[in-house]
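Presented below is the structure to which this report refers.
Only a predicted model underlies this, so the values are computations on that prediction, with no experimental measurement involved.
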Amino acid sequence: MAGCCKQYTDGWKYPTILLCLFGFFVNLRAVEPFFAAYLIGPHHNLTAEQVSASVLPVWTYSHLALLLPVFLLTDYLRYKPVIILQGLGIIISLLLSLLTHGVPAMQVMEFFYGIFTACDPAYYAYIYSVVDIAHYQKVTGYCRSITLVGVALGAVIGQLLVSLAGISLVYLNVISLTSTSMAFLCSLFLPLPSRTMFVHRKMAGDTTNILSKEMESPHSEQIQSVTITETENKGSNQCLQLLWRLGKEMKDCYSSKQILYWSLWWAFATAGYSQIINYVQLLWEHIEPSQNFALYNGGAQAISTFLSAVLSFLVGYVKVNWDVFGELALTIFSAIDAGAIFIFMVYSRNIWMCYAGFIIFKSCYMLLITIATYQVAVNLSMERYALLFGFNTFVALVLQTILILIVVDPRGLALDIVTQFIVYGSYFIVIAGIFLVRSMYLLIPLYCKGPVNQLQSAIKAKTHHYGIN
């Protein structure tokens, strides 16, 4: 096994191609932009209230419950089994949506969709365990961009089939099921890594140290006996040691104020973004029922995904010192997101304006999450970045769960879909207000010390400190 895995350390093309094929096919789901209409339509005949209050929240609850155990198992099982589980999760979810009916069955369907999304970290972390560090930047770009291509192409295919061929949404589900089955087959051929970011990397290091000591010592048999005993003792406490080490790593990461504030925006904004993405189709259905209107959800999804990919790519070439102006950018674009929700999606009551608002909202979020990801990752090792990615996602899910319990759940306020989006718009106004205060706290003292010249000097000093040209 070690020899086999060593074979793939330098040969980055084979695992990268397989993983990209998996990422492409698993995201090529033509039914995705029309899923709310599919549930409300004649095949399932659920009401919008049932979908909003009883079906969709199950995904958030299950994702939250599964994220931490799956995150820990991902590293322990060496990624590949979890990627296979991810493929199975989406296949079972689509099968249930195709073959079963009723609210309880759709809740089970959402649970398996939660399994699928909870396994996402395995997809993004796998490639770093099978390729050399020299290829990290290249394979990261391939694996992330191919998912956007899959989402956009799936939306385009779905839109063309609905608009031009008048095909039933049931057949879109069948096409999506076929595509995800192809992804599952690709996952079976992925090579199993010999090392991981946390568990197996540490174990490999311990084994190397043990072998080197045995070779150097004249009393190798005695040392081997002691080593076996120590290894057994370590094995019994391995889980606790791993959790303690992860907790210490996390504490060290958040000790940086820069990482802390960017992570706070990451968690809070992702919670609001996920909630809007989950419920925007119900808003579209409310403004223009699918029975009376030719749906263009796929077009809106494709355009927003393509524009997000372009902006995320171009931001890498923008020469801005995000350490100084980052919080101000978070303020401005969070305010734009709030404006897109209020002006275009809530008060216009026009489906085309609503589509435009969705495109603006998603593009701004994707632009900012790209900047936030870079700001968090630039001063961290790959292991610490993976840890923060998982924890920020966990916090975002906790916040999203709170939003659902207050705004959507029948035991809470149980607001109608329009009022829900008023709450979500207000949520982004609060985020913009918080980071406006933070940005003023950073910029005003710099300006007052010497106005423009002093501010420019401070920017240059910070730029030099972080090694940015």
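In this structure, Ala335 and Ala432 approach most closely via the heavy-atom pair N-CB, 3.8 Å. Between Val162 and Leu295, the shortest heavy-atom distance links the atoms CG1-O, 4.5 Å. The two residues Ala338 and Phe428 come nearest to each other via the heavy atoms CB-CB, 4.0 Å.
At least one donor-acceptor pair under 3.5 Å links the side chain of His44 to the backbone N or O of Ser97. Looking only at distances, a side-chain donor or acceptor of Tyr427 sits under 3.5 Å from a matching main-chain atom of Phe268.
With 3.5 Å as the limit, one finds no donor-acceptor pair spanning the side chains of Thr270 and Trp265. Side-chain atoms of Asp337 and Tyr365 form no donor-acceptor pair, as typed in the model, at a separation below 3.5 Å. Side chains of Glu285 and Ser290: a donor on one and an acceptor on the other come within 3.5 Å. Asp120 and Gln86 form a side-chain donor-acceptor contact under 3.5 Å, judged by distance and modelled atom types alone. Ser54 and Gln50 share no side-chain donor-acceptor pair at under 3.5 Å.
For Phe421 and Tyr424, the distance between ring centers is under 6.0 angstrom. Taking the six-membered ring for Trp, Trp352 and Tyr296 have ring centres closer than 6.0 Å. Taking the six-membered ring for Trp, Phe358 and Phe361 have ring centres at least 6.0 Å apart.
Thr117 places none of its side-chain heavy atoms less than 4.5 Å from the side chain of Ile90. Side-chain contact between Leu330 and Tyr261: absent, with no pair of heavy atoms (C-beta onward) separated by less than 4.5 Å. Using a 4.5 Å cut-off on side-chain heavy atoms (C-beta onward), Val130 and Ile127 make contact.
For OH of Tyr123, the number of neighbouring non-hydrogen atoms (other residues, nucleotides, ligands) closer than 6.0 Å is greater than 12. Around OH of Tyr355, the count of heavy atoms belonging to other residues, nucleotides or ligands within 6.0 Å exceeds 12. More than 12 heavy atoms of other residues, nucleotides or ligands shown are found within 6.0 angstrom of CZ on Phe293.
Between the CG atom in Asn392 and the OH atom in Tyr254 there is a gap of 3.5 Å [rounded to 0.5 Å].
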